[in-house]
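A short write-up of the structure that comes next.
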Amino acid sequence: MSSSPDRRDFLLHTAGGLAASLFTPSLALARPTIRAGAPLKLGVVGVGRHGRAILGELATIPECAVTAVCDTDDSRLQSALRRAQGAKGFASIAELLDKAPDIEALVIATPTHQHREVALAALAAGKHLYLETPLAHTLEDLQALSEAARRSTRTVAAAFHGRANPVYSLARSFFRAGALRELATLRAQNHKKTSWRTAGSTPEREREANWQLEPAVSLGLIGELGAQQFDVFHWFLSKHPVSARARGDLRLHKDGREVPDTVACELTFEDGLVLDWSGTLANSYEGRFELFQGAMAAIKLAWTHGWMFKEGDAPTAGWEVYANRQQFHNDSGITLIADATKLAAQGKLQDGVGLPYTSLYYSLADFVKCAAEKAAPACSLSDAARTSAVAILAHQALRTRSEVAIDPKLLEAL
Amino acid sequence: MHERLATAAMGTRFELVLEARDAAHARAAGEAALEEIERCDARWSVFRSDSLLSRVNREALEHDVALDGETFELLAACVHFQQATQGAFDIAVGARMREFRAGALSPATAQRGAFELDAARRSVRFTREGTSLDLGAIAKGEALERAAEVLREAGVERALLHGGTSSVLALGAPSDASGWRVRLAGFEADSSDVELCERALSVSAPHGRTLRVGDHELGHVLDPRSGAPLAPLARCAVFGPNARECEAWSTAALVLLARGLDPRELAPAHLELRACGAPNDSLRAHSAPTLHPRAHDALREPLCSTPR
């Protein structure tokens, strides 16, 4: 008896025992509607751990087809090719652009310090571009990328995911409508116990793969983890901080590395409001979230979920009667779900309902849709360049152990 | 040098023990393998609203749901196992499993869930209202296979991986032993200690999670044909080269035994099946274990493999 199924072309049917009626959760946050017609031909450049996650999400978006993958490391490339069935593999961006001219769009997930070279080549070749964040490790690279994006007539998107995330959009609409009133504090963290190392098949490959631990090219935790969250605050507030301070230390991973494994960063806005961010690779408690606290309410966002915690004297909206709540020790949070009133009317508000897709999915789906329609993406390159610049300067504050001013004119020019 | 790492996924604890050239390399490789397990959890868990499987269960009745290549291949394998086990293994029992987990199992019914896989579009669609998929233990086996692939890519050749101790996969053997020692909980002493080398093991029993209805204790393994839970009597262990396949067959073997059938008559020859407590305990006579006297340092006590 054969143990492996026939994986060639077939239409498979099966049936099994079943008894209960199907619970159908909200479809209000269903996948974005994208174009009909031929799928967008995509290439993915850089297929390490994150690149492979991108491949997984792209595979579930029928409006695009990954037809090329590119990586300088052959073992990573072969691994990606096993995941991206039917795609061709290339060892460099030059080879990909030369031999796969029908590629319409490129997703760039190379190490940060290599973004400039790859992205400029892609834009020069007239491709739509989705660039991982932070965009670059130096202000010079940011400026070069911004200029090239301004000249391009293609869709140029960046991977700050909050801007395409439906829960974040909903929370932002409450925030912009003044639900929190006077802002008191801003706080965010990314805590995960991990060595932040990548294993390579050989010691040489391993050194190359661990560029995040190389002080010469890495923006450390502030850039690689914090920037994603800084951008949420920039987007909600429609402004950027004017100064940065930071401190960091090696608390757990004393394995010869210089890049701190635990960092605290303070970004101050012009009106004195402060965003406190912390990142650590030593402990996972509470993971990753962003928190806005105002006189009437607090909003906590955690990528697939969001909650609003209201003060006792805050006005009550009609839909809150139907909203579901989650208890956090002494606090009761209203779960933020898009179309809550409609869902309540349908009896579909359920405890613990979060996004039906990952945050990465929404960001990539937005790019595919915008590239197909030649529309502006949720996160433009200039938006991302400004946040990346804040991260670069905050990282500079960490390295120099001094307060660093963030010049608004510098950000405006990006 | 051995490193131990663990993560919580698919409602259980996954753990790795691995040997590598140095501690930093071993930890980095292990973390990448755990990330792969977490990635599997993010796609195939029925406990997460944002998993791909939850998306399929919400939307596949209304339209085709596109799948990534790995998920499509896993569902295609499930269809194969459903056919090979004469329906004793079936992932379309999601609605019944949800009832079981909620402690509110309705009377058994023969109503059947159904779905189609379209290889050309790499998508799935439900063809009958009420269909819901639950990958259950086979997702654990697949996650172990994926994690092992990540370890091999990183140059790790010796490791023991398990999910909740009921799903086990051995890469090579410890450098000072001929295999990774595992003890089968609940099996009789003369057949409980085994060594694994480049081999997978899955142990199933209905009593891992039970539901009490009146005076009856019901196990969490259902006969997909009737929708009825099995009485928590037997337990099965399946050894073979692939963790996914072992998971499918250990579940199916329980169901087949409950139907009064001998699962060895259907199972591929490269699998080794052991059972105890079955109505017909004949399998045990064919399952004399090979015991190895040496332990290894990483696990001073053998990993105790308990049925899920």
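Protein chains get the first letters and strands the later ones, always in sequence-line order, with residue 1 at the start of each.
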Are [X] and [Y] close enough for a salt bridge, meaning some N to O gap below 4.0 Å?
X      : Y      : result
B/R244 : B/E142 : yes
A/R197 : A/D255 : yes
A/R251 : A/D261 : no
A/E208 : A/R205 : yes

Quick check on [X] against chain A: is it the side chain, the backbone, both or neither that has a heavy atom closer than 4.5 Å?
X      : answer
B/E70  : side chain
B/R152 : neither
B/L34  : neither

Open item on the list: Taking salt bridge (charged side-chain N to carboxylate O under 4.0 Å, His left out) as the cut-off, I'd like each qualifying pair that reaches into residues 46-59 of chain A, sequence neighbours left out, listed once.
Closed with: A/R49-B/E35
TODO: Identify which of A/S75, A/G56, A/A53, A/P203 forms the greatest number of heavy-atom pairs closer than 4.5 Å to chain B.
DONE: A/P203
TODO: Any chance you could measure A/T304, atom OG1, to A/Y362, atom OH, to the nearest 0.5 Å?
DONE: 10.0 Å
- [ ] For each of B/L67, B/V150, B/L151, B/L5, tally heavy-atom pairs with chain A at distances under 4.5 Å, and name the one with the top tally.
- [x] B/L67
- [ ] Could you verify whether a donor N or O on one side chain and an acceptor N or O on the other, from A/T194 and B/E31, lie under 3.5 Å apart?
- [x] yes
Task: Heavy-atom contact with chain B under 4.5 Å, split by part of A/T198 - done: backbone
- [ ] Only counting residues at least two apart or in another chain, list the ones meeting side-chain contact (heavy atoms from CB on, under 4.5 Å) with A/E224.
- [x] A/T112, A/P134, A/W196, A/W211, A/Q212
TODO: Could you list the residues that satisfy side-chain hydrogen bond (donor to acceptor under 3.5 Å, both in side chains) with B/E19, not counting sequence neighbours?
DONE: B/H2, B/S175
Task: Residues in residues 79-89 of chain A that sit under 4.5 Å from chain B, counting heavy atoms only - done: A/S79, A/R82, A/R83, A/Q85
